[in-house]
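Okay, so here's the structure we're looking at.
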Protein chains: 2
Amino acid sequence: MSQSTEDCAKVILEVAPLVMRAIRTEMRRHRGPELSVPQFRILTYLNRNEGASLSQAAEHIGLALPTMSKMIEGAVSRGLASRLAHPSDRRRVALSLTAEGRKTLDRARRATEAQMTSWLQRLSDGEKRTVLEAMRILGPVFSAPPGGA
Amino acid sequence: MSQSTEDCAKVILEVAPLVMRAIRTEMRRHRGPELSVPQFRILTYLNRNEGASLSQAAEHIGLALPTMSKMIEGAVSRGLASRLAHPSDRRRVALSLTAEGRKTLDRARRATEAQMTSWLQRLSDGEKRTVLEAMRILGPVFSAPPGGA
DNA sequence: TATTGTTATACTCTATAACTATA
DNA sequence: TATAGTTATAGAGTATAACAATA
């Protein structure tokens, strides 16, 4: 009966990489100053978490600290993010998006969503409802870094 | 009305990377001779497509030819795959899994599925049904390399 | 001593360009 | 000339270990 958990697992393991491949390819395809998936995720996080520290960002996104340090270095040098000293604790750093970063994020998001929308157009309304609901179910399952479980 | 296509797109763009992060982390975690996601996908492909050529494999998995060549080189040197000359066309190569490769693939798949199963255990039967159905809807949408669309 | 970041180093995945061998 | 694959090279993303600066 509850054996369907395993079917579920199998099918996610099969389908998730296909979806990500499409997203990655699409993001890479925009010629011009576009974003990789990890860059996109970092900018998205900063957009919602003005003033976050490196550690906080790394923790949330699931990257090691030096990795995040390097990624941010790249974003700063491209003018997409700023990295200021925290006023009261000089070890820390306060990250935020620049106006340019916000603009780039928005452009990338819109382009990728538009492409994704076109892929999904062949779905019936019922199918779309099912997919939407499933994603809302899976989000919470996977957004708390499941490393701990 | 059919505006839900865009919601769908948004939510996939948000959730898919979370799922993949969990899968990647899990696959990396098995200490011992385990597999990265791309390696896993290649072995899976070879398991179902005995005797495939490099070009075929690259095309199906969505990698450039030299990338696939290098990945296969790695798998061969680890004893997981074999790369034989095609009998009638000596430019081509016939790829397959070794017994060891099949064993490794099986072990990795089982371990990752088991972990995934444990993550999904908190879902109700109805939620699992929804997720299962959604994955079966998304599979076909994304498995024809959507670069063409 | 503990925390926050950065630097050094290395490995995997990925691509494009140039090349070799076969057809 | 065209196709299948490999080699050379480069760049992104990732990690661990060692370090520096601040608390």
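Below, chains carry the letters A, B, ... as their sequence lines are ordered, and counting in each starts from 1.
With sequence neighbours excluded, the residues forming a side-chain contact (heavy atoms from CB on, under 4.5 Å) with B:Ser53 are B:Ser55, B:Gln56, B:Arg92, listed by chain and number. Partners of A:Arg129 by side-chain hydrogen bond (donor to acceptor under 3.5 Å, both in side chains), not counting sequence neighbours: none found. With sequence neighbours excluded, the residues that form a salt bridge (charged side-chain N to carboxylate O under 4.0 Å, His left out) with A:Arg91 are A:Asp89. Taking A:Lys70 as the reference, nothing meets the salt bridge (charged side-chain N to carboxylate O under 4.0 Å, His left out) condition, with sequence neighbours excluded. In terms of the side-chain hydrogen bond (donor to acceptor under 3.5 Å, both in side chains) criterion, residue partners of A:Arg83 (sequence neighbours excluded) are, by chain and number, A:Glu73. Contacts of A:Gln39 classified as side-chain contact (heavy atoms from CB on, under 4.5 Å), with partners at least two apart in sequence or in another chain: A:Leu35, A:Ser36, A:Met71, A:Arg78.
The side chain of B:Ser36 sits closest to C:dT12 out of D:dG5, C:dA15, C:dT12.
Contact annotation: A:Ser55 side-chain N/O to C:dT3 OP1/OP2 distance is not under 4.0 Å. Contact annotation: A:Gln39 reaches the phosphate of D:dG13 (side-chain N/O to OP1 or OP2, under 4.0 Å).
Looking at which nucleotide of DNA chain D each of A:Leu63 and B:Arg83 is closest to, the 5′-most match is held by B:Arg83. Where A:Pro66 and B:Pro66 meet DNA chain D, the nucleotide closest to each residue was compared, and B:Pro66 sits on the side nearer the 5' end.
Proximity of residues 86-95 of chain A to DNA chain D (heavy atom under 4.0 angstrom from any strand atom) is restricted to A:Ser88, A:Asp89, A:Arg90, A:Arg91. Near DNA chain C, meaning a heavy atom under 4.0 Å from it, residues 67-74 of chain A has A:Ser69 in order of number.
For A:Glu59 and C:dG5, the CD to P distance is 13 Å, given to the nearest whole Å. Separating the CZ atom of A:Arg24 from the P atom of D:dG13 is a distance of 11 Å, rounded to the nearest angstrom. D:dA21 atom P lies 17 Å from atom CG of A:Leu54, rounded to whole Å. Nucleotide D:dA12 holds its C1' atom 13 Å from the CG atom of A:Leu35, rounded to whole Å. Computed from coordinates, the B:Ile61 CD1 to C:dC13 P distance equals 12 Å when rounded to whole Å. Atom pair B:Leu65:CG and D:dT7:C1' shows a separation of 12 Å (rounding to whole Å applied). At whole-Å resolution of the value, CE in A:Met20 and C1' in C:dC13 are 14 Å apart.
Using a 4.0 Å cut-off between charged side-chain N and carboxylate O, B:Arg110 and B:Asp106 make a salt bridge.
Residue contacts shown for A:Pro38 are limited to sugar-phosphate atoms, with no base heavy atom under 4.0 Å away.
Identified under the ring pair (Phe, Tyr, Trp, His ring centres under 6.0 Å) test for residues 38-59 of chain B, with sequence neighbours left out: B:Tyr45-B:His60.
No side-chain N or O of B:Thr130 forms a donor-acceptor pair with one of B:Glu127 less than 3.5 Å apart.
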